[in-house]
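Lettering of chains follows the sequences in order, A, B, ..., and the numbering in each one begins at 1.
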Amino acid sequence: MGPPAKPEPAAAGAPVARDEHELIRAVPVRRPLRWLAGAAVLVLLANILYSVSTNARFEWSVVGDYLFSSAILEGLVLTLELTAIAMGLGIVLGIVLAVMRLSPNPLVSWCSSAYIWLFRGTPVLVQILFWSFIAAIYPTISLGIPFGGPDFLDGSANVIITPFVAAVLGLGLNEGAYMAEIVRAGILSVDEGQTDAASALGMRRLQTMRRIVLPQAMRVIVPPTGNETISMLKTTSLVSVIAISELLYSAQLIYAQNYKQIPLLITVSIWYLIATTVLSIGQYYIERHFGRGSSRELPPTPLQRLRSQLRIRP
Amino acid sequence: MSDVMVCAESVRKRFGLVEVLKGITLEVHTSEVMCLLGPSGSGKSTLLRCINHLEKIDSGRLWVDGELVGYRQQGDKIYELRDHEVARKRAEIGMVFQRFNLFAHMTVLQNVMEAPLLVKRLPKPEVREYALELLERVGLADRSSAYPSQLSGGQQQRVAIARALAMKPKLMLFDEPTSALDPELVGDVLDVMRGLAADGMTMIAVTHEIGFAREVGDTLVFMDDGAVVETGVPREVLLNPRHERTQAFLSKVL
């Protein structure tokens, strides 16, 4: 068989007169399975909603009663405080450990690795418990010159390491190990040419780190740090085991008295969800800030996106 | 002040087991344009990086403007310079890289202003005025608020030249400034370099642009395998290369 004849306009019948810029208006392919899947999902959702709203044992009215109760709100504040302090400690420690890890001094670098190995290799719950029992190993804590020198500060471990301090140490020191790896990855992600250029311009090592390397490393550091913060917010619930009245423990104290476990756990979950949502929004704007120069156009903020979608098109 | 800007005496440099520079001796005078030519891996870029101490030399001596690079000599003892002393010396030498290395998180104007503000601590209005003047000179005054990623390679390289000039260097080093560019963008960058040479800037350029070397270069140095093979006036070296390695290389390039 020969090649198919090229259709010639004249031979194939008179061509329809057509505007060159006319848009194609084709009949779309029918996709019945999509409609079916959509319908199935809707039915399932309706079922869940119906069950959640009609099952009296959820006790939504109790949720409403406790959502803004002072005990729960105080617990929420403590959770937020713990998250902020532990993350702050973790980030500072992470930067120090990352710079140590990249140090040309092998002993310093080794120390950092050993720290990460120890604190990443044991469960954070165990570490929290450990700190709360620290008085069993060191009944007194003192600050002074080692190997028998004079002490400047001296006290009982039970007084200095309160449950709150134990919680901050447990969460923060553990977080430091993870943040160290995140910061190190960020620093390594910056092209060596950037350091070369900065050095060639006469910048000193710390100036280069502060003005050139770290701002660019932030683009790599910020997203996982946001992740860690959100994760930390939820991990703080672990310290309920050492009787700190953060969000979860506050709820536990209440349901230990009134036996309304489910509505109180729902109350707690709602607050965790609200807090993580706020953090995610904050993360989006921080990422956008540090993304300058990395892509040709900054991504629009949700507000800008909304505005452009609402704009009436011609 | 001496007329010699750069002086190298039996400079050797090794990376691990590979000796990259095997005793380089050369002299660059003030306002001279020296072009370094040679096959890849011949040590041209390394020599350039040694001149502003981005790499440490293993033996030999290297002077810029009469001062040892990276070291201080007292009697017959050589002392290593501290980081900030090395940085101060580097601030007087401009360098332009093959891959531009513009600071990606800063606009064009910020790139040019950063070092004078941070290193020389000059007042901002003065730095800004000079930066805009330099951008005008490289033909990019209208792109001062763009980020490097929004520019073409040729534009980025011209910004990089402006950034180096902002420190008012007494010597400019060019490390294959046009090798990463599309052919039609090479001309703009070479024009800027030509202008610099005309203004009397002392320049050392590693380049594969034979035409540029012939027109603008005062001296052409042909390097191969870590050593200087041939030195001379560009036109003569290019027309009548004396050494067979130079001949072999030129026959492939020309």
Side-chain angles (χ1 to χ4, degrees), chain A residues 95 99-100 102-105 108 182-183 185-225 283-301, chain B residues 45 48-49 51-55 82-108 110-121 145-151 156 159-160 163-169 171-175 180:
Chain A
I95 294 173
V99 173
M100 281 173 69
L102 297 169
S103 158
N105 183 334
V108 169
I182 291 172
V183 174
I187 292 174
L188 290 180
S189 75
V190 178
D191 184 34
E192 259 182 287
Q194 297 283 312
T195 326
D196 274 352
S199 304
L201 285 165
M203 289 187 209
R204 295 169 45 184
R205 203 175 307 191
L206 269 177
Q207 290 176 325
T208 306
M209 199 40 126
R210 187 168 55 84
R211 296 286 306 171
I212 308 299
V213 176
L214 280 180
Q216 294 187 69
M218 288 306 272
R219 201 165 49 82
V220 176
I221 293 173
V222 166
T225 304
Q283 183 186 4
Y284 179 85
Y285 280 94
I286 296 175
E287 273 177 36
R288 192 171 175 276
H289 173 79
F290 284 108
R292 279 170 313 164
S294 61
S295 53
R296 279 161 204 249
E297 296 245 352
L298 279 180
T301 64
Chain B
S45 294
L48 223 54
R49 290 171 65 86
I51 291 174
N52 69 358
H53 209 56
L54 282 179
E55 305 288 352
R82 292 174 181 283
D83 282 349
H84 66 95
E85 293 170 316
V86 174
R88 202 182 310 139
K89 297 258 174 88
R90 283 196 189 121
E92 299 172 343
I93 304 173
M95 185 157 189
V96 173
F97 300 86
Q98 182 178 359
R99 287 177 53 245
F100 331 131
N101 296 346
L102 289 181
F103 303 135
H105 60 306
M106 296 181 183
T107 64
V108 165
Q110 286 168 338
N111 261 280
V112 181
M113 290 172 64
E114 181 67 14
L117 288 176
L118 193 69
V119 178
K120 286 192 165 174
R121 303 196 176 281
S145 59
Y147 281 97
S149 59
Q150 297 166 320
L151 302 180
Q156 288 190 52
V159 174
R163 179 176 69 174
L165 291 176
M167 292 297 280
K168 304 194 173 157
L171 167 68
M172 284 286 285
L173 308 173
F174 292 87
D175 188 5

**Request:** I would like to know whether A:Leu206 and B:His84 meet side chain to side chain contact (heavy atoms under 4.5 Å, CB included); could you show each step before the answer?
**Result:** CA-CA 10 Å; A:Leu206 269 177; B:His84 66 95; over 6 Å; no

**Item:** Among A:Ile212, A:Thr195, A:Val190, residue most engaged with chain B (heavy-atom pairs, under 4.5 Å)
**Value:** A:Ile212

**Request:** Under 4.5 Å, counting heavy-atom pairs only, tell me which of B:Met167, B:Lys120, B:Arg163 racks up the most with chain A.
**Result:** B:Arg163

**Candidates B:Met95, B:His53, B:Arg90 - the one meeting side-chain contact (heavy atoms from CB on, under 4.5 Å) with A:Ser199** = B:Arg90

**Fill in**
Note: B:His105 and A:Arg211 closest approach over all heavy atoms is NE2-O, 2.9 Å

**Request:** Of all the heavy-atom pairs spanning B:Phe97 and A:Ala197, show the shortest one and how long it is.
**Result:** CE1-CA, 3.6 Å

**Message:** With a 4.5 angstrom heavy-atom cut-off, is it the side chain or the backbone of B:Arg49 that approaches chain A, or both, or neither?
**Reply:** side chain

**B:Asn101 versus A:Gly193, closest heavy-atom pair with distance** = ND2-O, 3.1 Å

**Item:** Greatest number of heavy atom pairs closer than 4.5 Å to chain A - which of B:Arg88, B:Glu114, B:Arg99
**Value:** B:Glu114

**Asked** Taking every heavy-atom pair that is under 4.5 Å apart, which of B:Ala87, B:Ala160, B:Ala166, B:Pro169 has the most such pairs with chain A?
**Response** B:Ala87

**Message:** How close do B:Ala115 and A:Leu201 get, counting heavy atoms only, and between which atoms?
**Reply:** CB-CB, 3.8 Å

**Request:** Tell me, for B:Phe103 versus chain A, whether the close heavy atoms (under 4.5 Å) come from the side chain, the backbone, both or neither.
**Result:** both

**Item:** Which atoms of A:Asp196 approach chain B - backbone, side chain, both or neither, heavy atom under 4.5 Å
**Value:** both

**Asked** Who among B:Leu102, B:Asn52, B:Leu173 has the most heavy-atom pairs with chain A under 4.5 Å?
**Response** B:Leu102

**Request:** Could you tell me whether the side chain of A:Met203 reaches within less than 4.5 Å of the side chain of B:Val119, counting heavy atoms only?
**Result:** yes

**Message:** Using salt bridge (Lys or Arg N to Asp or Glu O under 4.0 Å), reason through B:Asp83 and A:Arg204 one step at a time and then give a plain yes or no.
**Reply:** CA-CA 7 Å; B:Asp83 282 349; A:Arg204 295 169 45 184; over 6 Å; no

**Request:** With a 4.5 angstrom heavy-atom cut-off, could you sort out which part of B:Leu54 is near chain A: side chain, backbone, both or neither?
**Result:** side chain

